[in-house]
**Student:** 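This is the structure, below, for whatever I ask next.
Values below: all heavy atoms of this structure, side chains included; hydrogens, waters and symmetry mates excluded. All of these numbers come straight from a predicted model, not from anything done at the bench. When a residue number appears, it is its place in the shown sequence, counting from 1.
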Amino acid sequence: MFYILLVLGLVVLAYIFRQVVVIGKSCKSNAKLHGKTVIVTGSNTGIGKTTAIELAKRGARVILACRSKQRGEAALQDVKRESGSNQVVFMQLDLASFKSVRSFAENFLKTEPRLDILINNAGLHIFDRTEDGFGMTFGVNHLGHFLLTNLLLDRLKECGPSRVLNVSSTMHNVGSIDFDCLNTHKDLRKGTSILDGIRIYSDSKLCNVLFTHELAKRLKGTKVTCYSIHPGGIKTELARNTDAASQMILSNLGMFFMKTPLQGSQTTLHCALQEGIEHLSGRYFSNCTVRNVFAKARDDAASKKLWEISERFCGI
């Protein structure tokens, strides 16, 4: 009897842990977005796709900005069907190519009169080089979004109040920025081990937080605000480019310790929709709540230096 009660107790505790810690809070905003336009990068899968569906349900015109034409067009049909909206458009965007980013921005600005919310959601974890010679994780997770945001800033300012959301991760806490390595190797670190990959991913997520911190300072006096976001551990395709062992570990962890894409989209939706958070521009959100970050993630000198080197890399 004792062991039965012990097991039942552990099950109850596990359930409470999952509900409170893993799943967490939900977006409470009832805001509608009729007449508003939103871009969501990496919206053919995972939390990006779910975010697109939820925003389309609220009446937004949603631009699915995805690298793969085939996957993007398939997602387009899914988002239209699940949201019941025809105000959804696929536009091809490869964040690993400055040429593609510039082409996307030019096409968007010519065809779409508004931009109210830019959600820089796409992210990956892979060893490779971008078309322009940068480390792939750094290039896609930071540089591509940095360039895209800057190319669209004037339209965001024209349509204010508007918002920029950068999807980061709690992994930024263990990240660091080696500017010497960036200058010499065009990447955040050298090395190709599993541990190196995790560190580079963490570094790129720190870039997201520092980018948001600096962007907020540069947007003062405008009607554009910005936020960085930790969505939680999500059962998505982020690890699809990793080795088989890593995929197996993440898959097993995902059964209990990870959120579904809908649960993981809640903080993004909160920062996109919640009224009254404008004074928190530049801050980091997790579980639909603003959070304090370590000094390295709000370092004025580092964020300015990252901005300047990113401008140089992107040629702006």
Side-chain angles (χ1 to χ4, degrees), residues 21-22 41-42 46-48 95-96 120-130 134-146 165-215 226-243 245-247 249-251 253-254 257-259 264 267-268 282-287 291-299 301-303 305-307 309-310 313:
V21 178
V22 177
T41 69
I47 60 174
L95 289 161
N120 292 321
N121 164 83
L124 52 70
H125 172 193
I126 185 174
F127 289 114
D128 205 344
R129 287 276 164 174
T130 69
F134 297 94
M136 183 67 78
T137 301
F138 170 64
V140 170
N141 295 3
H142 171 65
L143 278 184
H145 283 132
F146 176 87
L165 280 55
N166 295 317
V167 178
S168 180
S169 166
T170 191
M171 292 294 287
H172 84 271
N173 286 316
V174 295
S176 62
I177 311 295
D178 185 339
F179 289 102
D180 289 336
C181 190
L182 280 177
N183 277 311
T184 56
H185 296 281
K186 294 187 175 182
D187 205 352
L188 292 157
R189 291 176 190 262
K190 295 181 286 183
T192 57
S193 70
I194 293 175
L195 183 57
D196 291 325
I198 293 171
R199 286 174 171 169
I200 290 171
Y201 178 79
S202 302
D203 298 343
S204 75
K205 297 290 101 178
L206 177 58
C207 287
N208 297 152
V209 180
L210 286 171
F211 169 41
T212 307
H213 178 74
E214 181 67 18
L215 180 62
C226 58
Y227 314 92
S228 58
I229 295 160
H230 169 53
I234 318 295
K235 288 181 283 187
T236 70
E237 297 181 18
L238 175 66
R240 64 184 178 271
N241 296 307
T242 61
D243 59 277
S246 297
Q247 290 186 38
I249 292 169
L250 289 172
S251 176
L253 286 174
F257 292 104
M258 292 187 178
K259 299 180 181 182
T267 302
T268 302
R283 299 288 300 278
Y284 171 82
F285 281 75
S286 175
N287 199 18
R291 306 287 189 184
N292 291 323
V293 294
F294 292 138
K296 67 180 177 180
R298 47 184 168 82
D299 184 315
S303 65
K305 192 170 184 178
L306 178 64
W307 185 284
I309 197 172
S310 300
F313 283 163

**Student:** Would you name the heavy atoms of R129 and G135 that are closest together and state the gap between them?
**Tutor:** NH1-N, 3.5 Å
**Student:** How close do P231 and S168 get, heavy atom to heavy atom, and via which atoms?
**Tutor:** CD-O, 3.6 Å
**Student:** Are any side-chain N or O atoms of S228 and backbone N or O atoms of N208, one a donor and one an acceptor, separated by less than 3.5 Å?
**Tutor:** no
**Student:** Could you tell me whether the side chain of L143 reaches within less than 4.5 Å of the side chain of S310, counting heavy atoms only?
**Tutor:** yes
**Student:** Would you give the length of the straight line joining atom CD1 of I177 to atom NZ of K296, rounded to the nearest 0.5 angstrom?
**Tutor:** 9.0 Å
**Student:** Do the ring planes of W307 and F211 sit parallel (below 30°), tilted (30 to 60°) or perpendicular (above 60°)?
**Tutor:** tilted
**Student:** Which heavy atom of V293 sits nearest a heavy atom of H172, and at what distance?
**Tutor:** CG1-NE2, 3.9 Å
**Student:** Walk me through it: do S202 and I198 pass the test side-chain contact (heavy atoms from CB on, under 4.5 Å)?
**Tutor:** CA-CA 6 Å; S202 302; I198 293 171; 4.3 Å; yes
**Student:** Please name the pair of heavy atoms, one in N183 and one in I309, separated by the smallest distance, quoted to 0.1 Å.
**Tutor:** OD1-CD1, 3.4 Å
**Student:** Hey, what do you get for OG1 (T267) to OH (Y284), rounding to the nearest 0.5 Å?
**Tutor:** 9.0 Å
**Student:** For a quick test of reading the model, state the closest non-hydrogen atom pair linking S204 to T137 and the distance between them.
**Tutor:** OG-CG2, 3.8 Å
**Student:** For side-chain contact (heavy atoms from CB on, under 4.5 Å), just list the numbers for H230 and N287, CA-CA rounded to whole Å, side-chain angles, deciding distance to a tenth of an Å, and then say yes or no.
**Tutor:** CA-CA 8 Å; H230 169 53; N287 199 18; over 6 Å; no
**Student:** Ring-plane angle category for F127 and H125, please: parallel below 30°, perpendicular beyond 60°, tilted otherwise.
**Tutor:** perpendicular
**Student:** When you compare the side chain of I47 with that of K259, does any pair of heavy atoms fall below 4.5 Å?
**Tutor:** no
**Student:** Using 30° and 60° as the class limits, which term best fits the ring planes of F313 and F134: parallel, tilted or perpendicular?
**Tutor:** tilted
**Student:** Look up atom OG1 in T268 and atom CZ in F285, then write down how far apart they are to the nearest 0.5 Å.
**Tutor:** 11.5 Å
**Student:** Got a sec: does the CZ of F294 have more than 12 other heavy atoms crowding it under 6.0 Å?
**Tutor:** no
**Student:** Going by side chain to side chain contact (heavy atoms under 4.5 Å, CB included), T212 matches just one of L165, N120, N166. Which one?
**Tutor:** N166
**Student:** Only pairs at least two apart or in different chains count here, so list each salt bridge (charged side-chain N to carboxylate O under 4.0 Å, His left out) that has a residue in residues 169-195.
**Tutor:** R189-D203
**Student:** At what distance, to the nearest 0.5 angstrom, does NE2 of H142 lie from NZ of K205?
**Tutor:** 11.0 Å
**Student:** Please report the closest heavy-atom contact between R291 and S286, naming both atoms and the distance.
**Tutor:** NE-O, 3.3 Å
**Student:** Report the C-alpha distance between L306 and C207 in whole Å, list the side-chain angles of each, state the deciding distance to 0.1 Å, and finish with yes or no for side-chain contact (heavy atoms from CB on, under 4.5 Å).
**Tutor:** CA-CA 8 Å; L306 178 64; C207 287; 4.0 Å; yes
**Student:** Once you round to the nearest 0.5 Å, how far does CG of N141 lie from CE of M136?
**Tutor:** 10.5 Å
